[in-house]
Amino acid sequence: MSKKTMAIKRRTFLGSAMGAASMVALGAPAIAQRKTVHFGASLPLTGPYEKVSKVYKDAYDLWTQTVGGKVSVGGQDADVKWTIYDDENKAARTAELTERLISSDKVDCIVGTYGTDTVLAQGAIARKYERITMQAGAASARVDEQIGGHTTFTLIGPSRNYPTLAIDHLAKQNPKPKTMAIITMDDPVYQEFAAGAIADAERHGIKIVLNEVLPMNTQDLRPTVLKIKRAGDVDIIYNTGWDLICIKLIQECVALDVNPKAIVGGHLTTNPVVKETLKGQLQYIYGITNWLPQMAYKDKYYANCQAFADKFQATYNYAPTYHAAMAYAIPYIYQHVIADGSEGDPLDSKIMRKRIAALNNLESVWGPIKFNDKGRILTPGVPVLQWQGTDPKVVVLAPDALANGKDLYPMPAFNKRG
Amino acid sequence: MSEIIEIIIFGTLRGAIFALAAFGFSLVLGVLGIVNFAHGVFVVLGALITWSLTAQIGINIVVASLIAAGSMGVLGVFIQKVFIDRVFKLHPLMILVQTFGVAVVATQLAELAWGGGERSLKVEFPGPALLTIGDIYIPTWDIVIFVISLIAAGVLVMIMQMTPLGRAVRACRDNIDSASLVGVDVGRVFLITMGICGIWSGLAGALVITLKPTGPYMHFFWTLDAFLVVVIGGMGSISGALIGGFLYGIINFAAYYYLPNQAPAIIFATLIALLMIRPQGLFGLGTTVRK
């Protein structure tokens with residue numbers, strides 16, 4: 001090797017070293033100056049989603065308590081600060097509040113609201129500022145199409161896939177169900193849910209005898225249940241609506257003595273209000289749920305979901321629904337991706353986006369975290385449960401890996417249960 | 001054919017509760033001449049108080065319902081005395097704004113007390129849960145509520161027709177100035193009218209919560225339902241409100257049965273048509289000319 005070559009190499013090496021040192025020197029203060037990591041969110045804290053919003057808010061709070069109010073930003077400890085506004089489930093209000101969170105409050109991490117339209121409104125503002133959001137409450141494909149991946153990451157699976165495991169499971173029962181009635185709420189996300197249920201049922205040769213689309217403010221399900229009754233032999237009634245619709249559906253089935261082989265109460269039968277209201281009538285009712293305390297997921301703070309659920313119950317005095325685990329996982333993911341400062345300011349949106357997109361089955365109490373190119377979490381399907389016993393308790397039926405009991409099928413008539 | 005019969009039966013049964021909720025609205029509209037936007041508050045608070053007394057304290061539901069109804073009567077008097085009375089002689093818009101404000105504040109307070117979610121009360125009725133007429137199953141509890149609504153209507157009619165108080169109320173309904181000239185204490189009649197409105201609406205709420213989950217935010221639906229019943233039946237008439245309730249129940253049930261997603265439009269289209277044909281309602285006693 002000649003002296004000249006060596007000199008160049010030395011110069012190159014020294015130059016590179018100085019450059020690297022300069023970058024570290026320039027970059028380090030930006031990270032070191034972080035005394036606080038500011039999380040900002042809006043939630044529909046008042047109005048029809050008030051109950052579920054409280055779960056979200058409590059779960060964010062539980063995460064803050066769990067981490068002791070501090071997170072690591074590029075290796076430096078910083079205090080956690082939250083700003084949460086009430087968006088009243090109004091898209092315009094959500095947009096205004098997101099603007100405020102970004103422009104005035106200068107939040108570092110935007111946490112998503114609940115509901116498709118509000119999530120889209122939030123995403124539109126975040127996109128304008130080239131920021132990212134992580135949201136847990138919009139299962140609609142519209143989110144993927146409009147803001148997925150580049151602006152928004154979504155922790156809930158697509159609503160189209162909600163019913164698949166349940167219908168696959170029911171199709172295997174004996175006697176095999178041949179007919180199904182569906183209750184669909186008149187909202188895009190519920191219609192996607194129902195479209196999935198119809199496609200899944202038809203795949204198994206189950207005939208759809210009724211698909212009743214109801215206005216979102218439906219107060220009375222008796223006309224619907226009467227229509228189901230008059231539709232003839234209905235083997236499955238599938239509710240794609242929320243907990244209140246499930247309650248009304250079952251109450252009216254009891255009132256009119258409608259007894260299919262199975263009733264699927266929907267994705268919110270584990271909300272406490274359902275059991276509190278229906279009590280023993282909930283027995284034999286199927287449901288689907290994205291999360292249960294029995295599941296074997298864990299994170300660096302909780303050895304399993306039950307430990308998380310116990311802590312939540314002890315702290316807030318009510319049992320966590322799946323929303324709690326999902327909401328808790330949002331700041332947990334941010335926490336994970338901002339801890340590493342090797343690529344520059346970890347709170348920079350571009351770096352955060354890149355790291356979140358690159359997550360490869362990050363362990364969390366919500367399950368393994370990995371996103372597709374639309375920013376939607378990859379999930380194997382929504383587990384199936386059934387309420388069993390006179391003081392009904394949840395039994396998981398599918399998938400097999402999570403199952404802890406057998407079906408009680410077909411459901412006995414309501415008036416023959418003693 | 002049996003499909004239509006079922007719709008009529010279930011619509012009528014539902015209509016009874018609409019009628020019970022609308023009696024007070026009709027009276028207040030007929031006597032005071034105001035549209036009380038806080039009317040639905042009586043229904044939902046009556047429901048939630050009944051729930052608290054029964055589910056939380058363990059009081060018998062009959063007693064709880066009476067306490068809830070009585071409480072709403074007191075609330076009605078309070079609203080009249082403290083709020084409406086003070087702006088009664090101003091532009092009618094002021095009363096609309098004020099009762100709307102009362103409804104908003106009362107709903108927020110109710111949400112603080114009971115939360116924003118729904119509550120429901122399950123009644124264990126002794127006897128068969130279902131009665132059958134041919135191949136039609138009718139829940140016994142619905143029939144009980146229907147009968148209670150009829151009795152409540154009967155009691156109200158008796159009060160209006162057979163007591164000095166009722167005569168005073170009717171006098172004010174027909175002509176306030178004339179009633180005042182013959183010595184009727186109009187202010188007192190107004191107070192009593194609002195009290196009656198509260199009691200009957202509170203009773204409706206106590207029954208409603210045994211039929212379906214009820215939450216504070218639902219007050220506006222009940223105000224609207226009561227308004228529509230009165231549009232059909234005619235203001236100021238108890239029998240009009242009763243028949244109006246039944247008809248509204250049937251229209252409502254049929255609309256949600258045949259075209260649920262278009263039901264609100266169908267219901268309002270029917271009412272618009274009715275207003276064009278008979279603006280005073282089927283049994284309306286009041287004038288349809290602007291006062």
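Keep in mind that the numbers below use all heavy atoms, side chains included, and drop hydrogens, waters and symmetry copies. So you know, we letter chains A, B, ... as the sequences are listed, proteins then strands, and number each from 1.
If you take CZ on A/Arg230 and CD on B/Glu6, they are separated by 4.5 Å, rounding to the nearest 0.5 Å. Between the CD atom in A/Gln219 and the CG atom in B/Asn252 there is a gap of 10.0 Å [rounded to 0.5 Å]. B/Arg14 contributes atom CZ, which lies 4.5 Å from atom CZ of A/Arg222 (distance to the nearest 0.5 angstrom). Rounding to the nearest 0.5 Å places CG of B/Asn261 at 4.0 Å from CG of A/Asp186. Atom CD of residue B/Glu3 and atom NZ of residue A/Lys229 lie 13.0 Å apart, to the nearest 0.5 angstrom. With rounding to the nearest 0.5 Å, the separation of CD1 in B/Ile9 from CG in A/Leu226 is 10.0 Å.
Around CG of B/Asn60, the count of heavy atoms belonging to other residues, nucleotides or ligands within 6.0 Å exceeds 12. For B/Lys122, the NZ atom counts as densely surrounded, since its 6.0 Å shell holds more than 12 non-hydrogen atoms of other residues, nucleotides or ligands. No more than 12 heavy atoms of other residues, nucleotides or ligands lie within 6.0 Å of CZ in B/Phe227, so this atom counts as exposed by the packing criterion. Heavy atoms of other residues, nucleotides or ligands lying less than 6.0 angstrom from OH of A/Tyr316 number more than 12. Few gaps surround NZ on A/Lys227; more than 12 heavy atoms of other groups in view lie less than 6.0 Å from it.
Using a 4.5 Å cut-off between heavy atoms, A/Leu244 contacts chain B through its side chain alone, with no backbone atom that close. Neither the backbone nor the side chain of B/Ile136 comes within contact range of chain A, judged by heavy atoms closer than 4.5 Å. Both the backbone and the side chain of A/Val213 come within less than 4.5 Å of a heavy atom in chain B. For A/Lys248, the part lying near chain B is the side chain, with the backbone staying farther off; criterion is any non-hydrogen pair under 4.5 Å. Looking at A/Glu276, there are no atoms closer than 4.5 Å to chain B (heavy atoms on both sides), in backbone or side chain. Contacts between A/Leu278 and chain B at a heavy-atom distance below 4.5 Å involve the backbone alone (N, CA, C, O). Contact annotation for A/Ile247: only side-chain heavy atoms (C-beta onward) come within less than 4.5 Å of a heavy atom of chain B.
The residue among B/Lys212, B/Gln262, B/Glu111, B/Gln108 with the most heavy atom pairs within less than 4.5 Å of chain A is B/Lys212.
Contacts between residues 98-107 of chain B and chain A, counted as heavy-atom pairs separated by less than 4.5 Å, involve no residue at all. Contacts from residues 253-260 of chain B to chain A, taken as heavy-atom pairs separated by less than 4.5 Å, involve B/Phe253, B/Tyr256, B/Tyr257, B/Tyr258, B/Pro260 in sequence order.
A/Arg160 meets the side-chain contact (heavy atoms from CB on, under 4.5 Å) test with A/Thr164, A/Ala199, A/Asp200; sequence neighbours excluded. For A/Lys261, the side-chain contact (heavy atoms from CB on, under 4.5 Å) criterion is met by A/Pro175, A/Asp235, A/Tyr409, A/Pro410, not counting sequence neighbours.
In this structure, A/Gln251 and B/Pro213 approach most closely via the heavy-atom pair OE1-CD, 3.7 Å. Between A/Ala255 and B/Pro139, the shortest heavy-atom distance links the atoms O-CG, 3.4 Å. Considering every non-hydrogen atom in both B/Tyr137 and A/Leu256, the closest pair reads O-CD2, 4.0 Å.
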